[in-house]
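Input: a single structure, listed below in structure tokens.
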Protein chains: 2
Amino acid sequence: MTASSRIHARLRGDILGGRYEVGDALPSERRLSEELETSRHGVREALKRLQQAGLVSISQGGATRVRDWRRHGGLELLLDLAAEGDAPEALHVPRAAMEMRASIGADAARRCAERADAATKAQIVARAEQLAAVEDLAARNAHYEVLWELIVDGADNIAYRLALTSLIASSQRIASVDAHAVSAELDDTEAIRALAHAINQSSENVHTLAADLLERSIPRG
Amino acid sequence: MTASSRIHARLRGDILGGRYEVGDALPSERRLSEELETSRHGVREALKRLQQAGLVSISQGGATRVRDWRRHGGLELLLDLAAEGDAPEALHVPRAAMEMRASIGADAARRCAERADAATKAQIVARAEQLAAVEDLAARNAHYEVLWELIVDGADNIAYRLALTSLIASSQRIASVDAHAVSAELDDTEAIRALAHAINQSSENVHTLAADLLERSIPRG
DNA sequence: TCACGAGACTGGTTATACCAGTGGTAGACG
DNA sequence: CGTCTACCACTGGTATAACCAGTCTCGTGA
């Protein structure tokens, strides 16, 4: 744990936790370096990372101010929100992540059926069969994640690929809280196999099959 | 343009442009500071931003190495990819962005119809009517963006909200290349009004209406 | 009352020194 | 001859101190 990452985590928590209002000025770099007992450079590195994430705006001569992260932040904040225990509960982060996962996943499956080559589709079918053959939930979950990586790669959509990074990370964080988050999907190996074969045959109902599967894990509320 | 942002842009371009292989070691901070004629701190700030974006991994004692950004990068890279002219064409960045926009947008419209309160829905209808009333394309586009912000806010899904940031930014970058990117949507004011009213009435076909509208702008290929 | 300028802030940059891990390699040893 | 170890040269991490470059405020003078 480096000094700058400590400062980064501290300030990020303060901002995401709502302990600053949008537009508020952060303490100056010199003050922060005193309060947090580090050099100014460590503070600056942390601030650059916050700027990169869209949480603050820095301007020479003026103060460093808190931005509206709901408007300027990227999807990678989802993980941070899931990790920060003190983020407003009303954001429904788990539900949001699972809904997006379902929407993107269903469309990715459809595109994959359209675009992936035979070799990729064969891998998908093979992986689904492997998954169905194991009993251990953790092992099955590992297969399931690989399966979805194959599907998203097969969809040939870089935006889906990049979004998946944030979704997987935040899903894992959510799953660490609720271990059975996706068990409704993992238990139904038949539905998973059916999806894989539908993709392989470029069926019309790939989107429906995928959506039905993925939407099982959306929390109510 | 600060020194660290120059260095950041330079290295980011080298990585996204494929001039480094995954796993390659970057030159050391001391070497970079010589080559790019800045102090080591400027280099460090830039590297921290690259690390934050998932483009490199830094380890004390060892080298700073290039990561697989397709696997570890976040959605905000979409904007960078759209901006870097030398990114591999095969990524189909405009198509990817527009597909994701359609998938997320259609689902957001559905959730908005389910969840938004009457006041928000009234705003959506009002905005659609304003949009239909103006002739100027730029003004209409501005209304259209606000309309979608209202819809996404109404969907009460923080993941969609955060993803929108990257999608809007990269769409604008794409639109600056192809000015008529979304004109097929903007021209059909009737479809936009129909969507707004469907949301207001919580119709069953909101998802279909939204998807039909948004998918018009997906480039072929 | 208003305009403007001094000065006290803000962040931006540089230089230098040292600490703290890593990893390659030369040499000692079996 | 092989292998293991200790060392050293390298990597990034931290700190100090000084100065540059904008911004903003507040008091003074027109």
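Just the heavy atoms: all of them, side chains too, but no hydrogens, waters or symmetry mates, feed the values below. In what follows, chains are A, B, ... by sequence order, proteins preceding strands, each numbered from 1.
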*Between Ser171(A) and Met98(A), is any pair of side-chain heavy atoms under 4.5 Å apart?*
yes
*Could you tell me whether Glu215(B) and Arg110(A) have a side-chain N and a carboxylate O separated by less than 4.0 Å?*
yes
_Quick check on contacts: within residues 52-66 of chain B, what sits under 4.0 Å from DNA chain D by heavy-atom distance?_
Ile58(B), Ser59(B), Gln60(B), Gly61(B), Gly62(B), Thr64(B)
_Close approaches to DNA chain D from residues 24-49 of chain B, in residue order (heavy atom, under 4.0 Å)_ = Ser28(B), Glu29(B), Arg30(B), Arg40(B), His41(B), Arg44(B)
Identify the heavy atoms of [X] and [Y] that sit nearest to each other, and give their distance.
X: Ser217(A); Y: Val182(A); result: OG-CA, 3.5 Å
X: Leu81(B); Y: Leu162(A); result: CD1-CD1, 4.3 Å
X: Ala108(A); Y: Val152(A); result: CB-CG2, 4.2 Å
X: Arg101(B); Y: Tyr144(B); result: NH2-CE2, 4.1 Å

*Spacing of Thr64(A) atom OG1 and Arg44(A) atom CZ [to the nearest 0.5 Å]*: 8.5 Å
